[in-house]
Protein chains: 2
Amino acid sequence: MSYQLESRHLRYFLSVAEELHFRKAADRLYISQPGLSRQIKEMEKGLGIQLFERTNRKVKLTKAGDFLKIELRKHFKTLESTLAHAQLLNKGLLGDLKLGYVGSAMEEVIPRLMNGFRKSHQKVMFNLKEMDNQDQINSLFSNEIDVGFVRMERIPKGLNATTILQEPFCLVLPENHPINNKNFKDLSQLKDASFILFDPKYSPSYYEKVMQIFDDSGFTPMVTHNTIHSGSIYKLVAHHFGVSIVPRSLKSDHLKEVTFIELHDIPQQTALSAVWNENNRNPVLDDFLVQVQSFKSVH
Amino acid sequence: MSYQLESRHLRYFLSVAEELHFRKAADRLYISQPGLSRQIKEMEKGLGIQLFERTNRKVKLTKAGDFLKIELRKHFKTLESTLAHAQLLNKGLLGDLKLGYVGSAMEEVIPRLMNGFRKSHQKVMFNLKEMDNQDQINSLFSNEIDVGFVRMERIPKGLNATTILQEPFCLVLPENHPINNKNFKDLSQLKDASFILFDPKYSPSYYEKVMQIFDDSGFTPMVTHNTIHSGSIYKLVAHHFGVSIVPRSLKSDHLKEVTFIELHDIPQQTALSAVWNENNRNPVLDDFLVQVQSFKSVH
DNA sequence: ATGAATAATAATCATGAGTTATCAATTAGA
DNA sequence: TCTAATTGATAACTCATGATTATTATTCAT
């Protein structure tokens, strides 16, 4: 264990191998010639390999030396690119980001965020998974996802959150329903209707808030169907299985079979929040959260 | 240029990355814990990469650190095998050896030498080329071949040589020739015969020696054909184009159409020599020359 | 609270990389 | 056949820095 080969030896060796001249190589390395000679000698002795043939006037590579020159050059090249790669990873310009989200976040928010983010982070890969609120919270604690997009009032301790959108609710009616934007006054007009709502398991606090709306309107709705997909809700509404209430971000102008009525006059709104684990050390996360902030400032 | 990454840093980093514990890693490296901490910190600062997440009680790899752990391990592995390869090259256990030779050397000598040599040097590749004497000498000086097998008296200065075989000449006669082993007395019996001899250009000194034999026998032969291939000589002799004289090593018992008569009673013999450039630094050469010496001691 | 575990800091030491000065051997030119 | 120039190796010494010891700060377990 008396000798340890260091990168320095390899660098020095390559310099001499390229110059085939100790003085010139030493100049190039900004060290003195005797120091270089000593290091090369030590390397030769340590490896048990004759690297150069010195004829007191000429320096020549041996077969082993010539082989090493070629191989070690490759070696430094790959080391260099490995380090460059690690630096990108460190800066968060390379890596992956795992997102969980409730379906409505995929309508607008996530595509927009990703679009802005990839301008500066082309090499970051996104892993996307639709999940209910509670699964997102669990996955955030176990670091299975980096950011969650949830609809919930109170974020558990240990997680950080920021509100992305604050939006009113929308009533969803079939196209030719007697109530429309013109004659709609308040929700009590629908106290006898069947309601199709998001599954309370998907987001209990969201469900609770919707129920508050009915409370304020003085009736308890007849909930006939539950689902977690807005598309399913619209289909059921179109086929007269009932009416529904959804966040405005799920409103779509492309649908002919259903109409939307925004509920401006009630105090309830629903918020979409981005949530993350404060101990998450994924370097990509920091940059992504900056993107989230700039998204908020625009909307 | 203030910071230089050394192998030491990489070794230390790998140790910590594997133990995830500075004390244990330091023990494994036979250095003190503070020294290790300093080196890692220096490496992190130098590369501008956060390698570990230290929470004062736990050490954890960052994404970049985890990536580097994997890559640098590979790195050391390849470096190791590169050095091992170079060591083999240095010892002459790996590499190539270029041989030039006159045709007769391929009958017995070269196959035998190669056979013995490959027992200890399986990985050495031979490059074989039949050449006339002068081409071999030139190729030795220009290092196009490492060893030559020639038939010549005086080896040029700058080359080393050793005699491998000293052998008598053989008369070559067609099968049913009036002269045979029984009634042969001396060469003057063939003073009226046609002779087929090796081309003097192929080996002038060899040719000169054969001519001395005729001189001593008191006649000048009628040389009707020249060739450089013993096989051609035998064919021509078999078809009664003439008789010939060849080195004993070209005698073959498998040939039915020609007979051989060894010329014991004349002073001339012919020598096969191995020749090499004394400045040749091919490490395989040294070991091969040892093989040549041991071949001589057996014959 | 208390004590054990762990990494970081501070101050000091000592190894060995690097320096200067010189030599020995070879080559080139007068 | 002398120099003079070139080039790598040696010897002695300097000093930068890697490593050590002693200590602190923090956290975790009891």
Side-chain angles (χ1 to χ4, degrees), chain A residues 1-47 49-62 64-66 69 157-158 277-279 281, chain B residues 1-47 49-62 65-66 69 157-158 278-279 281:
Chain A
M1 272 293 275
S2 70
Y3 172 74
Q4 269 293 5
L5 185 69
E6 293 293 339
S7 304
R8 167 172 33 83
H9 293 113
L10 306 182
R11 286 195 304 274
Y12 289 5
F13 163 70
L14 273 187
S15 232
V16 179
E18 277 158 17
E19 299 284 353
L20 291 178
H21 196 291
F22 277 75
R23 175 77 49 86
K24 287 179 191 166
D27 288 349
R28 217 177 77 177
L29 292 163
Y30 300 106
I31 61 171
S32 66
Q33 172 266 315
L36 179 57
S37 284
R38 279 260 310 264
Q39 288 296 309
I40 295 290
K41 214 171 110 185
E42 184 182 311
M43 178 176 171
E44 288 183 316
K45 197 178 159 199
L47 291 177
I49 299 178
Q50 176 96 14
L51 298 167
F52 297 102
E53 204 59 47
R54 288 95 146 166
T55 52
N56 239 358
R57 190 79 186 174
K58 258 173 199 162
V59 177
K60 217 182 115 203
L61 280 163
T62 61
D66 191 55
K69 177 180 104 179
K157 209 181 153 195
N277 188 324
E278 60 192 3
N279 296 321
R281 288 287 93 221
Chain B
M1 273 295 275
S2 71
Y3 171 76
Q4 270 293 5
L5 186 68
E6 292 294 338
S7 305
R8 166 171 35 82
H9 294 113
L10 306 182
R11 286 196 304 275
Y12 290 4
F13 163 70
L14 273 187
S15 234
V16 179
E18 276 157 18
E19 299 284 353
L20 292 177
H21 197 292
F22 277 75
R23 175 79 49 85
K24 287 179 191 164
D27 288 350
R28 217 177 79 177
L29 292 163
Y30 301 106
I31 62 170
S32 67
Q33 173 264 314
L36 179 57
S37 285
R38 281 264 309 265
Q39 288 295 309
I40 295 290
K41 214 171 110 184
E42 184 182 313
M43 179 176 170
E44 288 183 316
K45 197 177 158 202
L47 290 177
I49 301 178
Q50 175 97 13
L51 298 168
F52 297 102
E53 206 57 48
R54 289 97 146 164
T55 51
N56 240 358
R57 189 78 184 173
K58 258 174 198 159
V59 175
K60 216 182 116 206
L61 280 163
T62 60
D66 190 56
K69 178 180 105 181
K157 207 180 154 193
E278 60 193 1
N279 295 323
R281 287 288 92 219

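Note: hydrogens, waters and symmetry copies are ignored here, and every other heavy atom, side chains too, is used. Chain A is the first sequence line, chain B the second, and so forth, proteins listed ahead of strands; every chain is numbered from 1.
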Given [options], which nucleotide is nearest the side-chain atoms of [X]?
X	options	value
Pro34(A)	dG18(C), dA21(C), dA19(D)	dA21(C)
Ile31(B)	dG8(D), dT20(D), dG18(C)	dT20(D)
Arg23(B)	dG8(D), dA11(D), dA7(C)	dA7(C)

Presence of [X] side-chain N/O under 4.0 Å of [N] phosphate oxygens OP1/OP2:
X	N	value
His21(A)	dT6(D)	no
His9(A)	dA17(C)	no
Ser32(B)	dA19(D)	no

Between [N] atom [atom2] and [X] atom [atom1], what is the distance in whole Å?
X	N	atom1	atom2	value
Glu53(A)	dT7(D)	CD	P	19 Å
Glu42(B)	dT9(C)	CD	P	14 Å
Lys58(A)	dT27(C)	NZ	C1'	10 Å
Gln4(B)	dG18(D)	CD	P	12 Å
Tyr12(B)	dA19(D)	OH	P	4 Å
Gln33(A)	dG18(C)	CD	P	13 Å
Met43(A)	dA9(D)	CE	P	15 Å
Glu6(A)	dA19(D)	CD	C1'	14 Å

(message) Looking at Arg38(B), I'd like to know if its CZ atom is crowded, meaning that more than 12 non-hydrogen atoms belonging to other residues, nucleotides or ligands lie closer than 6.0 Å.
(response)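 No.
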(message) So which atom in Glu6(A) and which in Ser7(B) form the shortest heavy-atom distance, rounded to 0.1 Å?
(response)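 Heavy atoms of Glu6(A) and Ser7(B) come nearest at OE1-N, 3.2 Å.
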(request) Look only at the side chain of Glu19(B) and the backbone of Leu14(B), and say whether a donor-acceptor pair between them is shorter than 3.5 Å. (result)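 Checked: no pair found.
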(message) If we ignore hydrogens and angles and just use 3.5 Å, is the side chain of Gln33(B) paired with the main-chain N or O of Asp27(B) as donor and acceptor?
(response)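 Looks like no, no N/O pair under 3.5 Å.
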(request) May I ask you to say what Arg38(A) touches in the nucleic acid, namely base, sugar-phosphate or nothing, with a heavy-atom cut-off under 4.0 Å? (result)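 Here Arg38(A) touches the bases of the nucleic acid.
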(message) Quick check: any donor-acceptor pair below 3.5 Å linking the side-chain of Gln39(B) to the base of dA19(D)?
(response)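 There is none.
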(message) If you assign each of Lys41(B) and Leu36(A) to its closest nucleotide in DNA chain C, which residue comes earlier from the 5' end?
(response)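 Closest to the 5' end, via its nearest nucleotide, is Lys41(B).
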(request) Check each of Leu51(A), Val16(A), Leu20(A) against Leu61(A) using the side chain to side chain contact (heavy atoms under 4.5 Å, CB included) test, and report the only one that passes. (result)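 Going through Leu51(A), Val16(A), Leu20(A) one by one, the side chain to side chain contact (heavy atoms under 4.5 Å, CB included) with Leu61(A) is satisfied by Leu20(A) alone.
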